[in-house]
Amino acid sequence: KIKRGPAIMFDCRFKVVDRLDNGSFGSILEVLDLLDDNNKSCICKINKYEKMNKFEGAILKKLNSKGYSNFPKLLSIGN
């Protein structure tokens, strides 16, 4: 669990609960979606390179818009 300092927030929406994994391409985080009425627990993937974040986000956005249900729902691409 991440326990150091104040809560880490991003996109004015997600509060980091834990870092689940860290690798050569980036990190996988457990976050709470504070815009959800129940503060739903979500998984967040953050790549080391912004270009890769945008690329993967664009792919998921396109797949979500086509109605494929076997891919994760994209909540945010980030800022």
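Hydrogens, waters and symmetry mates are skipped; everything else that's a heavy atom, side chains included, is used. Residue indices begin at 1 and follow the sequence shown. Every value quoted in this text rests on a predicted model; they were computed, and no experiment measured them.
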Closest approach of R19 to S27 (non-hydrogen atoms, all atoms of both residues): CD-OG, 4.1 Å
Return the CG to NZ distance between N22 and K48, rounded to the nearest 0.5 Å. 6.5 Å
Could you pull out all donor-acceptor pairs under 3.5 Å where a side-chain atom in residues 66-73 meets a protein atom, sequence neighbours excluded?
none

Scan the side chains in residues 37-45 for donor-acceptor partners under 3.5 Å anywhere in the protein, sequence neighbours excluded, and list what turns up.
| unit_1 | atom_1 | unit_2 | atom_2 | d |
| --- | --- | --- | --- | --- |
| S41 | OG | E30 | OE2 | 3.0 |
| K45 | NZ | E56 | OE1 | 3.0 |
| K45 | NZ | E56 | OE2 | 3.0 |

Is it the case that one hydrophobic cluster holds both [X] and [Y], taking links as side-chain heavy atoms less than 4.5 Å apart, direct or via other members?
X   : Y   : answer
I28 : I8  : no
V17 : L20 : no
F55 : I77 : yes

Between R13 and the options V31, L32, L34, D33, the side chain to side chain contact (heavy atoms under 4.5 Å, CB included) test singles out D33
Can you list everything that forms a side chain to side chain contact (heavy atoms under 4.5 Å, CB included) with K51? Sequence neighbours excluded, please. none
Any side-chain heavy-atom pair of L75 and F14 under 4.5 Å: yes
